[in-house]
Amino acid sequence: MKVRIINKSHHPLPAYQTNLSAGMDIRANLTEPVVLKPLERKLISTGIYIALPEGYEAQIRPRSGLAIKHGITLLNTPGTIDADYRGEIGVIMVNLSNEPFVINDGERICQMVVSQYQQVEWQIVESLDETERGTGGFGHTGKQ
(Lines give C-alpha, C1' and ligand atoms only; values in the text may rest on other atoms or scores of the structure.)
Protein backbone atom coordinates (compact mmCIF):
# COMPACT_ATOMS: atom_id res chain seq x y z
CA MET A 1 0.00 0.00 0.00
CA LYS A 2 1.32 3.45 -0.87
CA VAL A 3 0.80 6.30 1.64
CA ARG A 4 1.50 9.96 0.87
CA ILE A 5 3.94 11.50 3.36
CA ILE A 6 5.56 14.87 3.97
CA ASN A 7 8.85 14.78 5.85
CA LYS A 8 9.69 18.21 7.29
CA SER A 9 12.39 16.69 9.50
CA HIS A 10 15.97 16.14 8.35
CA HIS A 11 15.75 12.44 9.28
CA PRO A 12 14.97 9.37 7.18
CA LEU A 13 11.35 8.41 6.60
CA PRO A 14 9.75 6.05 9.14
CA ALA A 15 11.09 2.59 8.38
CA TYR A 16 10.66 -1.06 9.31
CA GLN A 17 13.78 -2.38 11.05
CA THR A 18 13.30 -5.99 9.87
CA ASN A 19 11.45 -7.68 7.00
CA LEU A 20 8.66 -8.96 9.27
CA SER A 21 8.23 -5.90 11.51
CA ALA A 22 4.67 -4.64 12.00
CA GLY A 23 5.78 -1.24 13.27
CA MET A 24 7.91 1.46 11.69
CA ASP A 25 10.24 3.46 13.92
CA ILE A 26 9.47 7.19 14.20
CA ARG A 27 12.18 9.69 15.14
CA ALA A 28 12.13 12.85 17.25
CA ASN A 29 12.51 16.08 15.28
CA LEU A 30 14.05 18.54 17.73
CA THR A 31 16.05 21.76 17.55
CA GLU A 32 17.66 20.90 20.91
CA PRO A 33 17.57 17.96 23.33
CA VAL A 34 14.47 17.64 25.53
CA VAL A 35 14.81 16.55 29.16
CA LEU A 36 11.93 14.51 30.59
CA LYS A 37 12.01 14.68 34.37
CA PRO A 38 10.54 11.82 36.42
CA LEU A 39 6.74 11.64 35.90
CA GLU A 40 6.91 14.50 33.38
CA ARG A 41 5.17 14.32 30.00
CA LYS A 42 5.87 16.31 26.84
CA LEU A 43 4.63 16.43 23.26
CA ILE A 44 7.53 15.56 20.96
CA SER A 45 7.64 16.69 17.33
CA THR A 46 8.33 14.25 14.50
CA GLY A 47 8.15 16.49 11.42
CA ILE A 48 6.02 13.78 9.74
CA TYR A 49 2.63 14.35 8.06
CA ILE A 50 0.70 11.53 6.38
CA ALA A 51 -2.46 10.99 4.32
CA LEU A 52 -3.85 7.53 4.96
CA PRO A 53 -6.45 6.01 2.64
CA GLU A 54 -10.04 5.70 3.83
CA GLY A 55 -10.50 2.66 6.07
CA TYR A 56 -7.00 2.85 7.58
CA GLU A 57 -5.51 4.27 10.78
CA ALA A 58 -1.99 4.60 12.10
CA GLN A 59 -1.38 3.55 15.71
CA ILE A 60 1.45 5.18 17.65
CA ARG A 61 2.94 2.72 20.15
CA PRO A 62 5.81 2.74 22.66
CA ARG A 63 9.18 1.19 21.91
CA SER A 64 9.86 -1.73 24.24
CA GLY A 65 13.56 -0.91 24.58
CA LEU A 66 12.87 2.59 25.91
CA ALA A 67 10.28 1.17 28.30
CA ILE A 68 12.41 -1.60 29.82
CA LYS A 69 15.76 0.22 29.85
CA HIS A 70 14.63 3.74 30.83
CA GLY A 71 10.98 3.67 31.97
CA ILE A 72 9.96 5.82 28.98
CA THR A 73 6.57 5.18 27.40
CA LEU A 74 3.74 6.99 25.63
CA LEU A 75 0.51 8.37 26.98
CA ASN A 76 -2.72 7.85 25.06
CA THR A 77 -1.37 4.51 23.87
CA PRO A 78 -1.99 3.50 21.26
CA GLY A 79 -2.43 6.95 19.81
CA THR A 80 -4.62 6.94 16.72
CA ILE A 81 -3.88 8.89 13.54
CA ASP A 82 -7.18 9.01 11.63
CA ALA A 83 -7.35 8.86 7.83
CA ASP A 84 -8.63 12.45 7.67
CA TYR A 85 -5.92 13.97 9.94
CA ARG A 86 -3.38 16.08 8.05
CA GLY A 87 -1.39 17.68 10.88
CA GLU A 88 2.05 16.79 12.17
CA ILE A 89 2.32 13.52 14.06
CA GLY A 90 3.13 14.41 17.66
CA VAL A 91 4.10 11.88 20.32
CA ILE A 92 3.15 12.30 24.00
CA MET A 93 6.06 10.83 25.94
CA VAL A 94 6.23 10.25 29.70
CA ASN A 95 9.08 9.34 32.03
CA LEU A 96 7.96 6.72 34.56
CA SER A 97 11.45 6.29 36.01
CA ASN A 98 13.14 8.05 38.93
CA GLU A 99 15.84 9.59 36.70
CA PRO A 100 15.70 12.39 34.11
CA PHE A 101 15.81 11.15 30.50
CA VAL A 102 17.18 13.12 27.55
CA ILE A 103 15.46 12.83 24.17
CA ASN A 104 17.84 13.75 21.36
CA ASP A 105 17.08 14.87 17.83
CA GLY A 106 16.77 11.86 15.54
CA GLU A 107 16.22 9.39 18.38
CA ARG A 108 13.73 6.61 17.64
CA ILE A 109 10.94 7.42 20.09
CA CYS A 110 7.99 5.23 19.07
CA GLN A 111 6.67 2.92 16.43
CA MET A 112 3.78 3.33 14.03
CA VAL A 113 1.54 0.48 12.87
CA VAL A 114 -0.87 1.07 9.98
CA SER A 115 -4.06 -0.98 10.29
CA GLN A 116 -7.28 -1.40 8.40
CA TYR A 117 -10.53 -0.80 10.29
CA GLN A 118 -14.28 -0.71 9.79
CA GLN A 119 -16.76 1.70 11.28
CA VAL A 120 -19.79 0.16 12.98
CA GLU A 121 -23.46 0.94 12.77
CA TRP A 122 -25.22 0.37 16.09
CA GLN A 123 -28.23 -1.96 16.16
CA ILE A 124 -30.28 -1.43 19.31
CA VAL A 125 -31.55 -4.71 20.81
CA GLU A 126 -33.11 -5.83 24.11
CA SER A 127 -30.66 -8.71 24.78
CA LEU A 128 -27.38 -10.16 23.54
CA ASP A 129 -26.48 -13.71 22.51
CA GLU A 130 -25.46 -16.06 25.34
CA THR A 131 -21.79 -17.18 25.41
CA GLU A 132 -19.71 -19.46 27.61
CA ARG A 133 -17.99 -16.42 29.12
CA GLY A 134 -21.18 -14.43 29.62
CA THR A 135 -20.63 -11.34 31.76
CA GLY A 136 -17.32 -12.54 33.27
CA GLY A 137 -14.91 -9.60 33.22
CA PHE A 138 -11.62 -8.58 34.75
CA GLY A 139 -9.86 -11.60 36.25
CA HIS A 140 -12.89 -13.85 36.06
CA THR A 141 -10.90 -16.90 34.98
CA GLY A 142 -8.43 -16.68 37.90
CA LYS A 143 -4.79 -17.79 37.73
CA GLN A 144 -3.86 -20.53 35.30
Side-chain angles (χ1 to χ4, degrees), residues 1-124 128-129 131-144:
M1 173 176 67
K2 294 189 184 286
V3 173
R4 292 179 295 144
I5 187 169
I6 295 172
N7 184 2
K8 292 188 178 180
S9 80
H10 51 274
H11 303 295
L13 291 176
Y16 299 104
Q17 295 299 305
T18 67
N19 289 339
L20 299 179
S21 293
M24 294 175 262
D25 286 341
I26 305 285
R27 297 176 184 274
N29 185 46
L30 305 170
T31 55
E32 58 187 37
V34 171
V35 177
L36 267 183
K37 297 174 188 163
L39 299 180
E40 186 176 32
R41 64 186 178 271
K42 289 188 179 175
L43 181 63
I44 305 299
S45 173
T46 66
I48 299 294
Y49 303 71
I50 60 175
L52 293 167
E54 184 177 337
Y56 287 84
E57 66 158 335
Q59 296 179 3
I60 304 300
R61 301 178 181 181
R63 293 190 66 235
S64 58
L66 285 177
I68 192 68
K69 293 176 187 172
H70 305 288
I72 303 299
T73 191
L74 308 182
L75 294 178
N76 193 39
T77 301
T80 297
I81 309 299
D82 292 308
D84 58 354
Y85 178 68
R86 295 297 182 267
E88 179 183 9
I89 295 174
V91 179
I92 306 169
M93 300 187 75
V94 64
N95 182 352
L96 299 178
S97 78
N98 295 320
E99 300 294 326
F101 181 79
V102 177
I103 303 166
N104 292 299
D105 181 48
E107 186 167 354
R108 294 179 297 154
I109 57 171
C110 65
Q111 52 185 328
M112 179 172 66
V113 175
V114 175
S115 299
Q116 193 170 15
Y117 70 89
Q118 292 184 359
Q119 290 186 334
V120 301
E121 180 180 331
W122 297 115
Q123 181 182 7
I124 298 173
L128 301 175
D129 301 342
T131 66
E132 182 179 341
R133 180 177 183 171
T135 59
F138 299 98
H140 81 282
T141 60
K143 291 186 177 183
Q144 298 291 333

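Keep in mind it's a predicted model, so treat the numbers as computed, not measured.
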Are [X] and [Y] side-chain neighbours, meaning at least one heavy-atom pair lies under 4.5 Å?
X	Y	value
Ser9	Arg27	no
Met112	Ile89	yes
Leu30	Glu107	no

Closest contact, heavy atoms only, [X] versus [Y]:
X	Y	answer
Gln111	Arg63	N-CG, 4.1 Å
Phe101	Asn95	N-ND2, 3.6 Å
Glu40	Lys37	OE1-N, 2.7 Å
Arg86	Tyr49	O-CD2, 3.5 Å
Tyr56	Ala83	O-CB, 3.5 Å
Ala22	Val113	O-CG2, 3.7 Å

What distance do [X] atom [atom1] and [Y] atom [atom2] have between them, rounded to the nearest 0.5 Å?
X	Y	atom1	atom2	value
Gln17	Arg108	CD	CZ	4.5 Å
Met93	Ile103	CE	CD1	4.0 Å
Leu52	Ser115	CG	OG	10.0 Å
His11	Asn29	NE2	CG	5.0 Å
Asp25	Ile109	CG	CD1	10.0 Å
Gln116	Glu57	CD	CD	10.5 Å

Checklist entry - Among Leu43, Val102, Asp105, Ile44, which one satisfies side chain to side chain contact (heavy atoms under 4.5 Å, CB included) with Val34? => result Ile44

Checklist entry - Given Met24 and Leu13, is the side-chain contact (heavy atoms from CB on, under 4.5 Å) satisfied, shown in steps? => result CA-CA 9 Å; Met24 294 175 262; Leu13 291 176; over 6 Å; no

Checklist entry - Can you check side-chain contact (heavy atoms from CB on, under 4.5 Å) on Ile48 and Ile6, steps first, answer last? => result CA-CA 6 Å; Ile48 299 294; Ile6 295 172; over 6 Å; no

Side-chain polar contacts of residues 70-78 - donor-acceptor pairs under 3.5 angstrom, sequence neighbours left out - could you list them?
| unit_1 | atom_1 | unit_2 | atom_2 | d |
| --- | --- | --- | --- | --- |
| Thr77 | OG1 | Leu74 | O | 2.6 |

